Amino acid sequence: MFALVDCNNFYASCERVFQPKLEGRPIVVLSNNDGCVIARSNEAKALGIEMGAAYFKVEKDLRRMGVAVFSSNYALYGDLSRRVMQVLATYAPTLEVYSIDECFLDLTGMKRDLTAYGLEIAQTVRKWTGIPVSVGIAQTKTLAKVANRMAKKGKSPAGPVLEWSTLASPRDALAALPVEDVWGIAGRWGARLRALGIANAQALAEADPMRLRKLFGVVMERTCRELGGVSCLPLELVPPPRKQIMVSRSFGEKLHKLDDLMAAVTAFATRAGEKLRAQRMRARAVSVFVHTSPFDKSGQHYANSATAGLDKPTRDSGILITCAVQGLERIYHEGYAYQRAGVMLLDLAPENAEQGLLFAETPGDTGRSNRLMDALDRINRTRGRGAVHYAGEGLGERWRMRQKLKSAASTTGWAGLPAVRA
DNA sequence: TCTGGGGTCCTAGGACCC
DNA sequence: TCTGGGGTCCTAGGACCC
């Protein structure tokens, strides 16, 4: 038995925790670079604001309708997410943190009334963290997703909780769910399923799983069986090790010069190195990419990437930066208005797994390098990210994101600590 | 002026092995 | 009339998730 706990309008709810005067008011949160709308409170959804709407197109409307607008504040969301998960961990023997705002709990063998248990979970999370959540409970993950969605839309008599087995007619519930709203199915597959006469979740549940496997593959077969109540997707208790690490950003303004791109790529490679070491891994390949804006109608478009393999896996930011910048020099061409760049670390291996090499042309990480990286990470952890950084990042920061509307880091930085007056 | 940033899995096909 | 049988690895592309 699975419970899916999903935070309601998570980013918008996070902003509200430290600005309670926004209770009942429409809120939207913007993507990085203040590009487009990525989260909306219920009030904002009711106003018809679209997910993914470009901010510069809807900015006036938002102001006219009195919508509170925020740049995204991942320090805040990440920390509140951690707190929510901490509370949830006290309610089940095992759980899978599925995303920043979702968690599956294992409720198998629970002797209690599950709806009441779900309500207790929702109330406690709200009380202890300020974040409202919905809970879906069912015998498969896919059905728990459906139940959660219904609870969130106010279609459960128990309010924020819906236990699948209490439904008078689960068939009707599935029939009312458009097929592309089923977990694991989106536009492309939705269209193909509709062409086969499968338009809703009930039709998919009743379809022949072997036929679906032939037409779509094993993923669709599993979804079909899960809707029918046969569990095919177990809880993933330990997150599998990362296979790649990516850091990329759109620039605050378009970049033209190699120097500016080099500063950005250096910063991205540095950040990627930090993530890599946090995962206790080394990388055997580094890839860098750049491209112009896909929305630009006047200028010439250009996109390219370069990948370099390393003889020995590394966790040294200096080596990662060198690789990334050399790749950049190979793909950079003058005359373009670059909008975005990124660095990817590939072919990752555990830090402690040492593969010997007969004809290595470059040395692996030395003890000195390892100690240097650990010291860097320690300083930046205690003094704030970027307290020490590579000179190649430069000081110009022309590439930095726009984030005009960011709230304080209320839970992770002294400067953002809320003041309370009695 | 202005449109996000991460990830994963599966499959098919080609190249190769004995 | 007739062409063996069983594998692996790698990559590109397509689909999906939040």
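Just the heavy atoms: all of them, side chains too, but no hydrogens, waters or symmetry mates, feed the values below. Numbered from 1 within each chain, the chains take letters A, B, ... in sequence-line order. Everything quoted here is computed from the prediction, not taken from an experiment.
Taking atom CD of A:Gln244 as the reference point, atom P of C:dT11 lies 14 Å away to the nearest angstrom. Going from atom CD of A:Glu180 over to atom C1' of C:dC16 covers 14 Å, rounded to whole Å. Distance A:Ile49 CD1 to B:dT3 C1': 17 Å, rounded to the nearest Å. The CZ atom of A:Arg188 sits 18 Å away from the P atom of B:dT11 (whole-angstrom rounding). When the P atom of B:dC9 is taken as reference, atom CD of A:Glu221 falls 18 Å away, rounded to whole Å. One interatomic measurement links the two molecules: CZ of A:Phe10 to C1' of B:dG6, which rounds to 16 Å at whole-angstrom precision. For the pair A:Leu215 CG and B:dC10 C1', the computed distance is 15 Å after rounding to whole Å. A:Arg40 has its CZ atom 16 Å from the P atom of B:dG4, to the nearest Å.
If you check C:dC18, B:dG4, B:dC2 against the side chain of A:Lys254, the one that comes closest is B:dC2. Closest to the side chain of A:Arg249, from the set B:dG5, C:dA15, C:dC18, is B:dG5. Distances from the side chain of A:Ala186 to the nucleotides C:dC16, C:dC18, B:dT3 place C:dC16 closest. Distance from the side chain of A:Ser248 is smallest to B:dG5 among B:dG7, B:dT3, B:dG5. Closest approach to the A:Phe295 side chain among B:dT3, C:dC18, B:dT8 is made by B:dT3 (side chain taken as heavy atoms from C-beta onward). Closest to the A:Asn32 side chain, of the nucleotides C:dC18, B:dG4, B:dG6, is B:dG4. Distances were taken from every side-chain heavy atom of A:Arg402 (C-beta onward) to each of B:dC10, B:dC2, B:dG5; the shortest belongs to B:dC2.
Using a 4.0 Å heavy-atom criterion, one finds that A:Ile245 contacts the sugar-phosphate atoms exclusively. Backbone-only engagement by A:Lys145 is indicated by non-hydrogen atom pairs under 4.0 Å involving sugar-phosphate atoms exclusively. Within 4.0 Å of A:Lys57, counting heavy atoms only, lies at least one base atom of the nucleic acid. A:Tyr98 comes within contact range of the sugar-phosphate backbone alone, with a heavy-atom separation under 4.0 Å but no base atom that close. Using a 4.0 Å heavy-atom distance criterion, A:Asp101 is classed as a sugar-phosphate-only contact. Counting any heavy atom pair closer than 4.0 Å across all strands shown, A:Glu102 reaches sugar-phosphate atoms only and no base atom.
Between B:dG4 and C:dC17, the distance separating the two C1' atoms is 15 Å to the nearest Å.
Using cut-offs of 30° and 60° for the angle between ring planes, the A:Tyr98 and A:Trp183 rings count as perpendicular. Ring planes of A:Tyr338 and A:Tyr302: perpendicular class, angle over 60° (limits at 30 and 60°). Taking the six-membered ring where tryptophan is involved, the planes of A:His291 and A:Phe289 are essentially parallel, since the angle between them stays under 30° and well short of 60°.
An OP1 or OP2 oxygen of B:dG5 is reached within less than 4.0 angstrom by a side-chain nitrogen or oxygen of A:Ser250.
Nearest-nucleotide mapping onto DNA chain B: of A:Tyr11 and A:Val218, the residue sitting toward the 5' end is A:Tyr11. Residue whose closest nucleotide on DNA chain B sits further toward the 5' end, between A:Arg222 and A:Lys297: A:Lys297.
Not less than 6.0 angstrom separates the ring centroid of A:Trp128 from the ring centroid of A:Tyr91.
For A:Arg188, the CZ atom counts as loosely surrounded, since its 6.0 Å shell holds 12 or fewer non-hydrogen atoms of other residues, nucleotides or ligands.
Side-chain atoms of A:Asp101 and A:Ser81 include no donor-acceptor pair closer than 3.5 Å.
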